[in-house]
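Each chain gets a letter, A, B and so on, in the order the sequences are listed, and its residues count up from 1. All values below were derived from every heavy atom in this structure, side-chain atoms included, with hydrogens, water molecules and symmetry-related copies excluded.
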2 protein chains.
Amino acid sequence: MIQITFGSASEKRGATPRAASRGASKAGRITDLDALDKIGNASINFSTVPQSGRSSLADIARLAGVSLATASRAMSNAYGVAPSTRARVLRIAEELDYVVSPEASRLARGAVGRVALVVPHVDRWFFGAVVSGLEAELSDAGMDVLLYHVGDADDRRDFFHRLPARRKVDAVVVVAFGVAEAEQRRLERMGVLIVAAGGQNAVYPSVHIDDGEAGRQAMDHLLFLGHRRIGMIAAVDPDEADRTGTTGRADAYFAALRDAGLPVDAGLAVTIDWSGVAAADAMATLLSRRHPPTAVYCHSDELALGAVRTIRRAGLRVPEDISVIGIDDHPLAELTDLTTVAQPARDQGVRTAHLLLALLRGQPTGRHVVVPTRLVIRRSTAPPTPAREG
Amino acid sequence: MIQITFGSASEKRGATPRAASRGASKAGRITDLDALDKIGNASINFSTVPQSGRSSLADIARLAGVSLATASRAMSNAYGVAPSTRARVLRIAEELDYVVSPEASRLARGAVGRVALVVPHVDRWFFGAVVSGLEAELSDAGMDVLLYHVGDADDRRDFFHRLPARRKVDAVVVVAFGVAEAEQRRLERMGVLIVAAGGQNAVYPSVHIDDGEAGRQAMDHLLFLGHRRIGMIAAVDPDEADRTGTTGRADAYFAALRDAGLPVDAGLAVTIDWSGVAAADAMATLLSRRHPPTAVYCHSDELALGAVRTIRRAGLRVPEDISVIGIDDHPLAELTDLTTVAQPARDQGVRTAHLLLALLRGQPTGRHVVVPTRLVIRRSTAPPTPAREG
DNA sequence: CTGTTAGCGCATTCAT
DNA sequence: ATGAATGCGCTAACAG
């Protein structure tokens, strides 16, 4: 027979039941779900649908003819209960569609099994991808994922003031943003594990790319192609001014120029916030120089696309007249033939989750994971045209 | 009357404490946080950081010289407590950095104050934007937001099998995807409110655009420009075959053609999944026709960008040789000068949250909200070139 | 307005 | 292996 149970308790019980259900569901999804529906109740009418979890452990215990304690053990502990008893309890629970009350369970146990994700922009690709990776691994580990979106400075201030996740989670993941010192202290008052995903953050365990290296790969590619007058469209998060930010991408620009023995033209580096349209404007600025660059290094693909738009509108071609390179390997970079330095986004989320879980379990682990980036050459970069080099 | 409130008690505490802290924060964010940190403890050393919530309501009550009940009331109820008493309790709580235990509170209260977001792709712009809107409104309302990512068919099956959110939430929001009938039955067993965001879903209260109308706007624009041979790159979610899907965008294509008295060339409509690279391939297919279209209507901006890439690689120009239109108004559509039918993404999330909250409070409300779309003309569409009309 | 008293549903000692 | 008894921290009657 199909032997499935749901809810938090069942999640800890080991693989047996789920394996069984998978085995029994070869027939396909729909059929499978239908079969499940038939367990315990045939009627599907909405008003008749038994609301899961309307019964308590006590009910189960009574029906199974065991004590509350035994029922509890049967539901959660791997041993300490006779196999036959356990089976009986589980069956009853199944029939009643019983689910343990997470509130009660957690209250009694003390643990919470939840983690908070603090994200500045869920709607930007990179953040979404990181969150996606985090969610997958964390929920696989049986944890619930709470989402906190701190878009603007107000959200942010409010979050750190109120710490709404306080006492609700075992850990918090700050996704790709720097945390100011004062904010750090607030965070620490939560008394929970803190890790950073996708942002260089020395104070917390973290996984991130090496921004300096990524920038260097972009710049070196441009230099290798023969460009000597390279512009930069740099971005900073307006809220990050005083934080442990990632200036690595900007530093790389100057370092690469210096190492190549090239002069730095202050007029060729413009700093904006992370906005494509701002980048478009910035590109216009660069084109207004007496000697515009033959190539532009942008801190992200989105910025790069903004630059490309302006270049095209000016009647120039990419890459024949001006080369453009970004960082990220945004999905649309492939569609827009943009050369870029790829960073694994989802993977950073996945790894952060692993780091987090290891830390939570007290397993030994490194505090920082650096994931590699790599140059992806497409059609937005090429050697400079002699005519324009002058 | 129904008198429901959500969130942990401390969140409802009224404006007094927060107002006070805000009042003291005129000096700026950092200083402000510093000030907060100083309340109750001066030492910041990590090992000395008082873990918030290590004290219980009982402690507060004792220190404030009141009973547990009064302390509880002071923390959560708006009235029934003498202002002076309440102030005292609140102050003590503040000093001890006390936070109510959500588990205990919810266990005793019965309510949960949480909602689950079920999302197929957090890393795609539209979904991220909807989630962003949902999160903002829901957390403003004091609700916690649980995220469930059901990427592929396996995730999906697993979610509906296990219903991991069972008993953990007051409501679930399915973000932009159809729910098969069998899945509906599973969902309903959760016995909670279900609403749909950003997807046409007749069975649940929902907010969405009119896909047929959106498609019609795109097609009509193309027709108005004079195009007679229009291709379509249609997309369907591979997992959505048997669900209450949105075929509206595809239907609009045929309806528009019919209304314009134009013949339908089966070879000009190709259906793929929601992938830009697949769209690029599809465009190649269209270009391989004996009479390629002079304009292409794509079900999303991402698909449109894929089409544009192929067109350009073929040495043709957009829009001179072939016009391309999408749907969404993805942020990058602006940067890539793509003409499109804009749909409000974040706003759909916001409105869904409002709908959800109203429903939860038992307030009267319509079951379905349709948000408008509008044509955004950029530079990827133009009248057909006579030479190519042949 | 405030204090007393029961639970909320479950996980754990202890016993047996 | 199982049962009885406590307690997790808080809220909601119910008195006073």
>> Using whole Å, what does the distance between atom P of nucleotide D/dT11 and atom CD of B/E103 come to?
In response: 13 Å
> Going by atom types alone, do A/Y148 and B/D144 pair a side-chain donor with an acceptor below 3.5 Å?
Replying inline: yes
>> Between the side chains of A/D170 and A/R114, is the shortest nitrogen-to-carboxylate-oxygen separation below 4.0 Å, so that they form an ion pair?
In response: no
> Of A/R156, A/H161, A/R162, which is the lone residue that meets side chain to side chain donor-acceptor pair (under 3.5 Å) with A/D158?
Replying inline: A/R162
> So, is A/T85 close to the D/dA1 phosphate, meaning a side-chain N or O under 4.0 Å from OP1 or OP2?
Replying inline: no
>> Measure CZ/B/R167 against C1'/C/dG9 and give the value in whole Å, please.
In response: 8 Å
> Between D/dA13 atom C1' and B/R109 atom CZ, what is the distance in whole Å?
Replying inline: 15 Å
>> Distance check, rounded to the nearest 0.5 Å: B/E135 atom CD versus A/L146 atom CG?
In response: 10.0 Å
>> Of the options D/dC10, D/dA1, D/dG3, whose atoms approach the side-chain atoms of A/A69 most closely?
In response: D/dG3
> Where the side chain of A/T70 is defined as all heavy atoms beyond and including C-beta, which of D/dC10, D/dT2, C/dT2 is the nearest nucleotide?
Replying inline: D/dT2
>> Which residue is it: B/V192, B/L356, B/L193, B/V195? I am looking for the one with a side chain to side chain contact (heavy atoms under 4.5 Å, CB included) to B/V115.
In response: B/L356
> Reckon B/A82 touches a base, only the sugar-phosphate, or nothing at all at heavy-atom distances under 4.0 Å?
Replying inline: sugar-phosphate
>> What is the separation between atom CZ on A/R106 and atom P on C/dT12, rounded to the nearest whole Å?
In response: 14 Å
> Quick one: on DNA chain C, does A/L107 or B/G65 contact a more 5' nucleotide (nearest heavy atom)?
Replying inline: B/G65
> What is the distance, rounded to the nearest whole Å, between atom CZ of B/R73 and atom C1' of C/dT5?
Replying inline: 12 Å
> Who are the side chain to side chain contact (heavy atoms under 4.5 Å, CB included) partners of A/S72, not counting sequence neighbours?
Replying inline: A/L57, A/S76
> Just how far, in rounded Å, is P of D/dT2 from CE of A/M75?
Replying inline: 16 Å
> Within less than 4.0 Å of OP1 or OP2 of D/dG3, is there a side-chain N or O belonging to A/S67?
Replying inline: yes
> Between C/dT13 atom P and A/L68 atom CG, what is the distance in whole Å?
Replying inline: 16 Å
> Can you tell me how far the CD1 atom of B/I60 sits from the CE atom of B/M75, to the nearest 0.5 Å?
Replying inline: 7.0 Å
> Between C/dA11 and A/S72, is there an OP1 or OP2 to side-chain N/O distance shorter than 4.0 Å?
Replying inline: yes
>> Report for the helix from C/dC1-D/dG16 to C/dT16-D/dA1: angle between first-end and last-end helix axes, five pairs each, rounded to 10 degrees.
In response: 30°
>> Taking the minimum atom-to-atom distance to the side chain of A/S56, which one of D/dG9, D/dT2, C/dC10 wins?
In response: C/dC10
> Nearest of D/dG7, D/dG3, C/dT2 to any side-chain atom of A/A108?
Replying inline: D/dG7
> Given atom CG of A/L57 and atom P of D/dC8, what is their separation to the nearest angstrom?
Replying inline: 20 Å
